[in-house]
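Please read the structure below before turning to the comments.
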Amino acid sequence: MPDPVRAPDAAISTSASASASVSTCGGSPTPAPAAPDTYVVAVRALCEFTARRGDLDLRFTPAPSAQEGQAGHLFVTQRRGAGYETEVSLAGTHGPLRVRGRADGYDTARNRLEEIKTHRGSVDRIPDNHRALHWAQAKVYAHLLCEQRGLDAMDVALVYFDIGTQQETVLVETHDADALRAFFTDQCERFIAWARQEMVHRQSRDAALASLAFPHGEFRAGQRDLAKAVFRAGRDAHCVLAQAPTGIGKTMATIFPMLKACVGTLDKVFFLCAKTAGRQSALAALQRLRAADGGPPLRVLEMVAREQACEHPASGGRGNACNGDACRLARGFHDRLPAARATALQDCFMDRAAVRTAALAHDVCPYFLSQELARWSDVVVGDYNYYFDGSAMLHAMTVAYQWRVGLLVDEAHNMVERARRMYTAELRLDDLAAARRAAPVALRKPLDALRRIFRQLLKAQTQPYTVYDDMPPALLEQLQQTGSALSAHFAEQGGEAPEPLLQLYFAILSFARLAEDLGDHALFDITLAQPGETAATRGQGQGGTLCVRNVVPGPYLSPRFKAAHGAVLFSATLNPMAFYRDTLGLPGDCRTIDVPGPFRAEQLAVHLVGNVSTRYRDRDASISAIVEIMARAYREHPGNYICFASSFEYMDRLACRLRSCAPDLPSWQQAAGMDAAGRVAFLDRFAPGGAGLGFAVLGGVFGEGVDLPGDRLIGAFIVTLGMPQVNPVNEQMMRRMDARFGCGFEYTYLYPGLQKVVQAAGRVIRTETDRGSVYLIDDRFRRANVRALLPAWWRPRRLDHPAPEHLAAQHG
């Protein structure tokens with residue numbers, strides 16, 4: 001059987017010209033039968049391309065979340081009477097276009113089609129250009145319905161539903177079928193030229209991908225197995241959890257096969273990263289593929305955070321307000337967007353610099369230009385948040401436009417903690433007090449009411465930290481009322497407000513959304529700012545924090561994985577895989593693969609130092625022994641080493657003792673809050689042929705994503721199991737994990753800790769010719785359940801240190 005990665009068979013390599021349809025902006029989970037030269041486009045995508053005009057204007061934000069929007073639609077439609085149809089599937093054609101979508105509602109008794117839009121605040125603040133877009137969508141749906149049911153005329157209604165007040169504002173127009181047909185035709189004619197261009201691009205892209213060869217010639221050991229698993233996930237629409245060793249070239253081994261799976265199947269690939277280094281590796285791999293002889297004309301887009309892309313940063317990092325009155329790059333944005341879009345797409349490789357150049361050439365915002373370019377890109381490279389958080393843009397587009405997407409989730413061991421932060425929200429009494437001081441008189445009543453409830457909760461609490469079974473109804477109700485009052489105020493003021501007030505508003509919205517969905521996947525807890533305060537004074541000061549703390553992000557992430565056509569999560573440290581399946585909400589049929597690496601046991605000497613304890617209570621006694629072990633290893637085999645400690649305090653004490661006992665041994669250490677230049681300088685000390693010892697914190701910026709091949713790094717000392725600190729929060733998380741999975745200690749402490757250890761050790765062996773050593777310093781590394789979590793190719797051996805006094809005697 002031909003290798004599907006290197007030589008796809010005919011069923012896999014069908015190009016877009018021979019497939020069912022081209023659907024880069026409105027595909028479906030499975031290809032639908034259609035003419036070969038048909039371009040499928042969603043109603044929303046068509047209208048957003050043809051009917052958007054004027055300024056970029058975010059003053060009528062934040063918009064409701066996807067969940068709130070769905071709930072709002074359901075609330076409106078349940079108010080309607082018998083004979084009201086919801087989610088009406090519609091489709092029509094014009095030339096090469098097949099336009100399809102689902103109308104929100106149709107009232108058969110009134111012969112009225114309804115387009116429902118949820119919002120916050122006064123409906124009068126919705127900009128005219130937003131309403132024009134909404135009318136365009138409603139009229140296109142109305143035309144398709146008239147055609148489908150042979151109707152001569154129809155009432156067309158925009159229903160604006162305020163999720164705060166639950167009030168509807170209904171705007172109605174009456175149109176005959178001829179007028180609606182003319183409108184539909186006009187929208188299609190404006191889009192056809194672009195559609196034909198997109199068809200040509202998709203066909204040439206797929207033809208080039210079908211014949212694309214792996215750029216490195218032969219696969220490394222392990223790469224082929226990984227590539228096959230990725231290809232089949234993208235082609236056959238399933239999820240894969242892949243553990244593959246550091247150094248085998250996971251980036252290219254995942255991107256290449258997922259691109260091969262695009263042929264006739266996928267619309268887009270999203271490469272999602274935890275850190276900038278991962279994003280840069282992906283871009284480099286994609287650039288290499290594009291630059292290869294006969295390389296595909298891939299449209300590659302790099303997405304960066306708004307704060308990084310903003311051309312007018314202001315204090316606090318928020319920048320100018322995103323509207324035409326405050327920012328010239330927002331003024332007339334949609335009028336200049338077509339030219340900016342065309343310029344950016346000319347080169348196809350749209351990294352941050354290229355997007356900025358194209359945007360500024362046409363006086364539009366780079367950040368929002370990148371959002372538009374995501375619609376027309378083949379590969380998008382960006383942070384996890386763009387697809388997985390509660391308001392994720394790429395996920396929303398995937399659902400709205402029915403894209404068939406292949407997900408590649410890099411360094412997936414980071415997903416658990418990152419996703420927890422996405423779905424955790426805090427309210428601080430200090431922030432509420434600051435917002436109250438900055439608020440106008442009209443807002444003081446709802447803010448004071450919220451502060452009273454907040455203080456009552458703090459005053460009633462008898463412990464510094466407490467978890468509650470339920471969310472107090474009075475708190476939830478007042479959060480909703482205060483949020484609605486703030487929303488109405490911002491709408492009246494055009495979105496301008498003091499920073500403390502805006503920050504509180506966003507915090508209230510986030511907290512309230514998560515509080516309404518509180519379940520066994522999260523904790524509601526309250527932390528007092530001053531544990532020593534008395535019952536008489538508690539709550540009278542400004543301290544205290546309410547938190548909806550996510551423990552298991554799976555319930556939020558599961559719909560994201562279901563929306564993708566295929567997904568691959570990969571990392572060097574996904575052991576045990578059941579932990580990641582459970583916590584990330586992966587599908588029940590998710591497949592797993594543990595890729596063997598190219599490394600041999602003799603390349604890495606793994607020493608288990610089992611008669612030293614690095615527990616907090618034993619650290620004073622451990623310092624001398626650990627320093628002796630490091631100094632002896634350096635004397636025996638001089639070169640570049642790194643020591644990973646569990647905290648900055650522990651690291652400082654080890655570094656200080658080393659300098660005292662072995663002053664001739666060069667050393668340097670990580671600083672808290674180290675900036676980019678400092679990180680570069682730290683890594684530059686690990687020069688080829690150099691010698692010395694660097695100190696870093698386990699789980700920090702140098703514990704993963706750092707490449708020091710050859711003799712730039714020949715050894716690592718890992719002075720801890722890396723387990724999270726035992727504290728009241730983690731103890732509560734452990735109880736919740738135990739109740740849900742029966743593995744509380746393992747899921748909360750052991751597995752996250754050993755993941756950091758293996759990642760840090762992976763800095764030593766980067767290529768098939770590297771050699772080095774790792775010292776695992778703690779008696780708990782001797783335990784069978786701990787050793788079972790270490791890489792299978794390691795061959796650990798016991799190493800006991802001499803008495804701690806030996807070093808002092810040796811060095812006088």
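These values consider heavy atoms only, across backbone and side chains, with no hydrogens, waters or symmetry-generated copies.
Using a 4.0 Å cut-off between charged side-chain N and carboxylate O, Asp363 and Arg336 make no salt bridge. We find that Arg149 and Glu85 are joined by a salt bridge, their nearest charged nitrogen and carboxylate oxygen being less than 4.0 Å apart. Salt bridge Asp178/Arg181: present, at least one basic N to carboxylate O contact under 4.0 Å. Under 4.0 Å is where a charged nitrogen must lie from a carboxylate oxygen, and between Arg52 and Glu372 at least one such pair does. The residues Lys117 and Glu168 are annotated as not salt-bridged, no charged nitrogen and carboxylate oxygen being separated by less than 4.0 angstrom. We find that Glu115 and Lys139 are not joined by a salt bridge, their nearest charged nitrogen and carboxylate oxygen being 4.0 Å or further apart.
When atom types are taken as modelled, the side chain of Asp104 and the backbone of Ile116 share a donor-acceptor pair closer than 3.5 angstrom. A distance-only check finds no donor-acceptor pair linking the side chain of Asp347 to the backbone of Ala354 [under 3.5 Å]. A distance-only check finds a donor-acceptor pair linking the side chain of Thr50 to the backbone of Leu46 [under 3.5 Å]. In this structure, Ser558 contributes its side chain and Pro555 its backbone to no donor-acceptor pair below 3.5 Å. Using modelled atom types, no side-chain atom of Asp389 and backbone atom of Met422 make a donor-acceptor pair closer than 3.5 Å. Judged by distance alone, with hydrogens and angles left aside, the side-chain atoms of Asp267 form a donor-acceptor pair with the main-chain N or O of Arg404 at under 3.5 Å. Remark: the backbone N or O of Gly95 is not paired with any side-chain donor or acceptor of Arg98 at under 3.5 angstrom. Judged purely by atom type and a 3.5 angstrom limit, Glu302 has no side-chain atom pairing as donor or acceptor with the backbone of Val381. Side-chain atoms of Arg205 do not come within 3.5 Å of backbone N or O of Leu298 as any donor-acceptor pair. With Lys268 contributing its side chain and Thr398 its backbone, the two residues share no donor-acceptor pair below 3.5 Å.
The shortest distance between side-chain heavy atoms of Met303 and Met393 falls below 4.5 Å. Using a 4.5 Å cut-off on side-chain heavy atoms (C-beta onward), Leu394 and Val380 make contact. Looking only at side-chain heavy atoms (C-beta outward), Leu337 and Phe368 stay at 4.5 Å or farther from each other.
Around CZ of Arg102, the count of heavy atoms belonging to other residues, nucleotides or ligands within 6.0 Å does not exceed 12. Residue-environment remark: CZ (Arg110) stays at or below the threshold of 12 foreign heavy atoms within 6.0 Å. The environment of CG in Asp236 is crowded: more than 12 heavy-atom neighbours from other residues, nucleotides or ligands sit within 6.0 Å. Atom CZ of Arg560 has more than 12 heavy atoms from other residues, nucleotides or ligands within 6.0 Å.
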I would like to know whether Tyr141 and Glu114 meet side chain to side chain donor-acceptor pair (under 3.5 Å); could you show each step before the answer?
-> CA-CA 9 Å; Tyr141 282 126; Glu114 294 187 333; over 6 Å; no
Might you work through the side chain to side chain donor-acceptor pair (under 3.5 Å) test for Gln187 and His94, ending with a clear yes or no?
-> CA-CA 10 Å; Gln187 303 307 302; His94 179 81; over 6 Å; no
Full working for salt bridge (Lys or Arg N to Asp or Glu O under 4.0 Å) between Glu516 and Arg513 = CA-CA 6 Å; Glu516 290 174 351; Arg513 288 171 180 169; over 6 Å; no
Step by step, would you call Gln371 with Tyr367 a side chain to side chain donor-acceptor pair (under 3.5 Å)?
-> CA-CA 7 Å; Gln371 292 198 1; Tyr367 176 73; 3.3 Å; yes
Check step by step if side chain to side chain donor-acceptor pair (under 3.5 Å) holds for His201 and Asp378.
-> CA-CA 10 Å; His201 168 73; Asp378 301 307; 2.8 Å; yes
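A side-chain donor from one of His362 and Thr343 sits under 3.5 Å from a side-chain acceptor of the other.
Smallest separation of non-hydrogen atoms from Pro96 and Asp37: CB-O, 3.7 Å. The shortest non-hydrogen separation linking Val304 to Ala309 is CG2-CB, 3.9 Å. The heavy-atom pair separating Pro440 from His489 by the smallest distance is CG-CE1, 3.5 Å. Between Val156 and Trp135, the shortest heavy-atom distance links the atoms O-CZ3, 3.6 Å.
Residues Phe161 and Phe75 place their aromatic rings such that the two centres sit under 6.0 Å apart. Taking the centre of each ring, Phe511 and Phe506 stay at or above the 6.0 Å mark. Ring-centre distance between Tyr160 and His134: below the 6.0 Å cut-off.
Both the sub-6.0 Å distance and the 45° axial angle are satisfied by Arg341 relative to the ring of Trp194.
To the nearest 0.5 Å, atoms SG (Cys146) and CG (Asp152) are separated by 8.0 Å.
A tilted orientation is assigned to the rings of Trp376 and Phe191, their planes being inclined by 30° to 60°.
Only one option out of Phe561, Phe270, Tyr556, Tyr423 pairs with Phe388 in a ring-ring contact (aromatic ring centres under 6.0 Å, His included); it is Phe561.
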